[in-house]
Amino acid sequence: MIARQRTHLTAAGLVGPATLYVGIGILLPLAILFRYSLNQFVPGKFMVDALTVENYVKFFTDIYYYSVLTRTVRIALITTLICLVTGFPLAYVLARTRSRHKNLLIMLVVLPLFVGNAVRAAGWMVAFGNKGVINASLMGIGALSQPLEIMFTEAAVIVGITAVNLPFMVLTLQSVIEGIDRSVEEAAFNLGATPPQMARRILLPLAMPGVLAGTILTFILSMNAYATPVLLGGPRFQMMGPLVYNQFIQQNNWPFGGAIAFILMAATLLLTLAANLMVQQRYRTAET
Amino acid sequence: MARLELIDLSKRYGEHAAVAGVTLDVADGEFLVLLGPSGCGKTTTLRMIAGLVEPSDGRTQIGGTDVTYLPPWRRNTGMVFQSYALFPHMTVAENVAFGLEMRKLAKAEIEVRAREALRLVRLEAFAGRLPRQLSGGQQQRVALARALAIRPDVLLLDEPLSNLDAKLREEVRIEIRELQGQLGLTTIMVTHDQEEALTVADRLVVMAEGEIRQIGSQRDLYERPADRFVAGFVGRSTFLDGRVTGPGEFETAGGLQLKCRDGAPGAAALVLRPERLHLGGANMDNRVPGKVEFVSYLGPVLELHVRLSPADRVLVQLPNRGDAAPAVGDEIELTWHRDAGMVFAE
Amino acid sequence: MAIVVAHSSSATVARATRHFPIGRWVLNGVAGVGLGFILLPLLLVTWLAFFRQEIPSFPPAGHSLQWFGAVLNNKSFVGGFLLSFQVGVTATLIGLALAVPASLAIARRRFRGRGFIDTLLLLPLIVPGVVLGASIYVFQIETEIATGLPLLGTTMGLIAAHALIVIPWATRLVTASLAGFDPTIEEAAKNLGAPPWTTFRRVTLPAIRPGIVAAALFGFVTSFGNLEMSLFLVGAGRTTLPIAILQYLEWKIDPTVAAVSVMQIALIGTAMIITDRYVKIAQVV
């Protein structure tokens with residue numbers, strides 16, 4: 001009994017500081033932010049204490065703000081889908097390669113993650129500008145007489161966000177595929193399955209946990225993208241991330257900014273949950 | 001059910017030759033065992049037959065057709081993997097039906113043939129289970145049923161029993177052999193377990209370092225091993241170092257003069273099977289005094305380690321006839337026939 | 001037993017020629033395109049850093065190293081680097097000091113609420129950066145009002161927030177390396193007479209050192225590259241390097257900002273290669 005109590009005390013002593021730090025550092029701020037989102041914003045008087053849902057109502061009734069949400073969701077869905085389709089082959093090759101350079105290849109996937117979104121957006125700015133790589137090359141070979149408008153379009157933002165999130169998808173899928181016994185694939189081939197049949201009947205169902213995790217991760221990241229829409233979409237292209245920042249820091253409208261932040265979190269969680277359920281429904285027999 | 005021919009089949013990984021020129025002709029319905037230590041190339045050979053590894057050189061023919069460069073899904077081989085490689089997300093029935101679906105058979109026929117395959121391995125009652133709900137032995141039988149269901153030209157078994165416990169292994173290997181005989185399937189099995197190999201094989205192939213060292217029956221390998229490696233790998237033996245001094249004459253490192261089979265003069269090893277050595281038998285070519293140093297009582301047999309000279313110690317296996325057994329420290333006389341002594345040049 | 005195989009008809013055509021593994025090439029090709037897509041922006045930005053002319057028009061008029069010198073004359077880049085470095089190192093140290101003991105408890109002890117705490121410590125990674133920034137922003141304001149101490153916009157305030165985002169990585173990596181460390185080895189040390197603290201110092205700590213090194217690197221890099229959360233918390237005229245780069249890019253793109261990007265890529269690449277000597281990055285991400 002005494003020994004048991006001591007275990008509890010040491011465990012508490014070890015885990016306590018970190019728990020308190022994260023608890024106070026995140027849960028408390030989120031609570032305060034939520035409380036702020038129920039306050040009123042009176043122009044000139046800044047924030048006034050109140051208990052109202054008018055900020056949430058305003059978001060969903062004002063077509064401008066509402067369209068920012070739908071645009072954000074649309075872009076998040078598109079980029080996540082592209083990440084899944086392009087990420088799977090790369091993840092598979094990385095998981096199954098017996099190359100000596102495997103570690104190097106994985107580092108090449110990881111490096112851009114750490115370099116930061118602004119720097120990667122800069123790379124796309126080099127490509128997309130009026131005199132950028134794409135326009136200069138197309139005009140150089142005579143395919144174009146006028147430069148294409150690529151910068152500050154939705155397409156540019158989609159390309160940028162996809163490239164930012166692709167490594168997350170690849171690394172998630174790769175670790176799951178590595179856990180699938182290679183001989184299961186060989187057994188399918190031996191029984192007459194062609195590679196596409198094997199991929200559909202064996203690999204994909206077994207990789208489903210990774211597909212789900214990777215999809216959720218990249219979807220959350222896309223929903224909350226900041227630097228990419230700001231730099232590649234330009235000042236008039238609004239997504240939810242930049243909108244929160246503008247309301248807080250530029251408009252000083254904390255209640256509305258708080259409300260948008262919570263709508264963003266809620267939308268992300270709801271859509272993630274829905275996707276989760278859909279996939280589980282479809283692959284219920286595949287759940288192992 | 002088909003004849004299988006391997007013609008000078010090789011697989012090189014860079015400088016290293018995993019399989020170096022294997023030539024084999026397996027008759028229709030024959031059970032052939034590839035036997036050898038790990039890394040000897042036996043599994044690579046099997047995987048080349050299945051098409052999972054592309055050979056660097058040579059040819060593979062199944063039923064007279066060259067399949068050397070056909071991808072695995074266009075051959076008709078049924079493989080049982082060492083890890084069984086059952087599809088974890090499919091039921092037993094779905095696993096067994098998979099190969100039939102790939103062959104685009106009618107649904108009704110798939111059902112009939114899958115059930116038939118499960119009946120062969122006595123698992124009809126488990127059709128709805130998932131692999132992880134089965135014991136190791138049952139999983140092994142599902143893997144076998146899955147391979148049999150497609151009615152393969154050649155059945156390939158990659159160490160199929162290595163994940164089973166000893167008692168189960170003995171049962172299953174007999175079961176596999178009986179099934180194979182019933183169905184008349186050309187079968188190649190890879191194993192490193194010689195007892196397993198001797199039990200089931202029509203013919204055995206001993207491999208080492210990517211090459212075939214000997215092909216033959218159980219008796220061939222045991223009585224007339226082709227080289228020192230086979231002699232050591234198949235059955236138990238004592239190796240005595242020394243030299244051949246004349247026709248049928250051997251001198252050990254410890255100075256013993258022994259009679260043996262003929263061998264080329266020069267440095268060599270004398271190989272003695274433990275059960276061919278006797279205690280004080282009559283009319284024997286060799287008669288050597290020795291001292292018992294260690295005794296194991298194994299039930300049907302006794303094993304003695306007998307010191308013949310400061311440099312020579314031999315293993316002796318005596319049938320347990322219930323009379324008084326020699327004890328450690330006893331001075332005894334060992335005798336054996338000259339034919340029991342096989343010599344291999346160094 | 002007849003062989004009823006739909007597509008074995010094709011197998012009866014004798015073929016002695018090596019078949020071209022077209023499927024494998026397609027697969028590798030698609031994978032290569034994916035990898036290229038990930039790396040392309042970094043390559044382009046690196047190319048721009050070596051242009052001779054200032055305007056990013058293609059093809060370049062020539063190549064030059066001058067822009068790397070220009071970076072050092074840019075106060076916001078130099079200041080941003082120094083602040084990011086200072087914050088990254090301090091936040092990593094604080095984060096490790098909190099996360100390593102917590103990982104020991106999570107990996108080795110069984111206690112009530114263990115699953116909850118495990119999830120809680122991952123929260124800073126799950127809550128979106130913008131939301132995290134906004135909520136810590138209002139929290140720091142409330143704290144300032146309650147205590148009268150300046151917090152928002154100070155280096156201390158920034159470090160405190162960055163320590164939060166170091167904790168999930170550190171906990172994950174150290175817990176993983178503890179999970180791969182056989183606890184009976186600790187028992188062996190105790191059996192040989194080592195008290196708990198000595199066991200930790202002489203046996204456990206050396207065994208999980210690769211995990212701690214990886215945790216330190218990942219923590220530092222996460223903090224160094226953080227943009228969204230920091231945007232809310234930096235003071236006027238005192239920005240971190242990623243924010244300085246973002247603000248510069250909102251105004252224009254030129255070889256100077258490309259050069260500072262290349263320097264950041266080089267720094268992070270070097271940190272990764274060094275870490276790779278201690279723990280294979282392929283095994284921890």
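Just so you know, these numbers come straight off a predicted model, no measurement behind them. Every chain is numbered from 1 and lettered A, B, ... according to where its sequence line falls, protein lines coming before strand lines. What you see below is based on every heavy atom in this structure, not just the backbone, and it leaves out hydrogens, waters and symmetry mates.
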For C:Ile141, which atoms come within 4.5 Å of any heavy atom of chain A: side chain, backbone, both, or neither? side chain
Select, from C:Val127, C:Ile253, C:Leu249, the one with the greatest count of heavy-atom pairs under 4.5 Å involving chain A. C:Leu249
Go through the atoms of A:Val164 and report whether side chain, backbone, both or neither lie under 4.5 Å from a heavy atom of chain C. neither
Engaged part of C:Ala271 at the chain A interface, taking heavy atoms whose separation is under 4.5 Å: neither
For C:Leu40, is it the side chain, the backbone, both or neither that has a heavy atom under 4.5 Å from a heavy atom of chain A? side chain
Determine whether a donor-acceptor pair (N or O, by modelled atom type, separation under 3.5 Å) exists between the side chain of C:Gln264 and the backbone of A:Val115. yes
Given a strict heavy-atom distance threshold of 4.5 Å, which part of A:Ile249 is in contact with chain C: side chain, backbone, both, or neither? side chain
Where does C:Ile117 contact chain A at under 4.5 Å (heavy atoms): side chain, backbone, both or neither? side chain
Verdict with reasoning, A:Trp124 to C:Phe37, per ring-ring contact (aromatic ring centres under 6.0 Å, His included): CA-CA 11 Å; A:Trp124 292 117; C:Phe37 192 56; 5.5 Å; yes
A:Val22 and C:Leu98, any side-chain heavy atoms less than 4.5 Å apart: no
At a 4.5 Å cut-off on heavy atoms, which part of A:Leu108 comes close to chain C: side chain, backbone, both, or neither? both
Nearest-0.5 Å distance that lies between atom CG in C:Leu132 and atom CE in A:Met265: 9.5 Å
Which atoms of A:Tyr226 approach chain C - backbone, side chain, both or neither, heavy atom under 4.5 Å: both
Considering all heavy atoms of both residues, which atom of C:Met272 and which atom of A:Met107 are nearest to each other, and what is their separation? CE-O, 3.6 Å
I need the minimum non-hydrogen distance between A:Pro167 and C:Ile38, along with the two atoms involved. CG-CG2, 3.9 Å
Starting at CD1 of C:Ile273, measure out to CG of A:Asn103 and round the result to the nearest 0.5 Å. 10.5 Å
Answer with side chain, backbone, both or neither: which region of A:Tyr92 has an atom nearer than 4.5 Å to a non-hydrogen atom of chain C? side chain
Non-hydrogen atoms of chain C under 4.5 Å away: do they reach the side chain of A:Thr162, the backbone, both or neither? both
Closest non-hydrogen atoms of C:Val131 and A:Leu264, given as atom of the first, atom of the second and distance, are CG2-CD2, 4.4 Å
4.5 Å side-chain heavy-atom contact, C:Val30 and A:Thr86: no
Among C:Ala99, C:Pro242, C:Ala161, C:Ala134, which residue has the highest count of heavy-atom pairs closer than 4.5 Å to chain A? C:Ala134
Compare every heavy atom of A:Gly123 with every heavy atom of C:Val45, then report the nearest pair and how far apart it is. CG2-N, 3.8 Å
Non-hydrogen side-chain atoms of A:Phe114 and C:Phe224 separated by less than 4.5 Å: no
If you count the non-hydrogen atoms of other residues, nucleotides and ligands that lie under 6.0 Å from NZ in C:Lys252, is the total more than 12? yes
Atom of C:Ala105, atom of A:Val15 and distance for their closest heavy-atom approach: CB-CB, 4.1 Å
Interatomic distance, A:Phe262 atom CZ to C:Ser135 atom OG [nearest 0.5 angstrom]: 7.5 Å
When A:Val230, A:Leu231, A:Ile260 are compared by non-hydrogen pairs under 4.5 Å with chain C, the top option: A:Leu231
Select one option (side chain, backbone, both, neither) describing which atoms of C:Leu48 are under 4.5 Å from chain A's heavy atoms. side chain
Would you indicate whether the side-chain heavy atoms of A:Pro112 and C:Leu39 approach each other to under 4.5 Å? yes
Taking every heavy-atom pair that is under 4.5 Å apart, which of A:Thr19, A:Thr97, A:Val244 has the most such pairs with chain C? A:Thr19
Residue part contacting chain C, namely of A:Pro195, when any heavy atom lies under 4.5 Å: neither
Residue part contacting chain A, namely of C:Leu231, when any heavy atom lies under 4.5 Å: both
When the 4.5 angstrom heavy-atom criterion is applied to A:Val93 and chain C, the contacting part is side chain
Within a strict 4.5 Å, meaning less than it, do heavy atoms of the C:Pro124 and A:Ile26 side chains meet? yes
Among the listed options A:Gly140, A:Ala136, A:Pro89, the residue most often paired with chain C at heavy-atom distances under 4.5 Å: A:Pro89
When A:Gly241, A:Ala121, A:Gly87, A:Gly116 are compared by non-hydrogen pairs under 4.5 Å with chain C, the top option: A:Gly241
Looking only at C:Ala258, C:Ser103, C:Ala160, the option with the highest number of non-hydrogen pairs under 4.5 Å against chain A is C:Ala160
Under a 4.5 Å heavy-atom cutoff, which of C:Gly269, C:Pro168, C:Ser261 has the most pairs with chain A? C:Ser261
Contacting region of C:Glu250 [heavy-atom separation from chain A under 4.5 Å]: both
Quick one: are A:Leu33 and C:Tyr137 in side-chain contact, heavy atoms under 4.5 Å? no
Under a 4.5 Å cut-off applied to non-hydrogen side-chain atoms, are C:Ile106 and A:Leu14 in contact? no
Check the surroundings of atom CG in A:Leu269: do more than 12 heavy atoms from other residues, nucleotides or ligands lie under 6.0 Å from it? yes
For chain C, which candidate among A:Thr172, A:Leu221, A:Val159 shows the most heavy-atom pairs at distances under 4.5 Å? A:Val159
One option among C:Ile245, C:Leu35, C:Val260 has the most heavy-atom pairs under 4.5 Å with chain A, and it is C:Leu35
A:Asn117 portion near chain C, given a 4.5 angstrom heavy-atom threshold: side chain
Relative to chain A, which segment of C:Leu42 carries a heavy atom at a distance below 4.5 Å: side chain, backbone, both, or neither? side chain
Taking side chain as everything from C-beta outward and backbone as N, CA, C, O, which of these in C:Leu246 sits under 4.5 Å from a heavy atom of chain A? Side chain, backbone, both or neither. both
Using a 4.5 angstrom heavy-atom cutoff, name the option from A:Met223, A:Met240, A:Met125 with the most pairs to chain C. A:Met125
Of all heavy-atom pairs between C:Ala31 and A:Leu90, which one has the smallest distance, and what is that distance? O-CD1, 3.4 Å
A:Tyr21 vs C:Leu164, side chain to side chain contact (heavy atoms under 4.5 Å, CB included): CA-CA, chis, key distance, verdict: CA-CA 8 Å; A:Tyr21 194 80; C:Leu164 274 176; 3.8 Å; yes
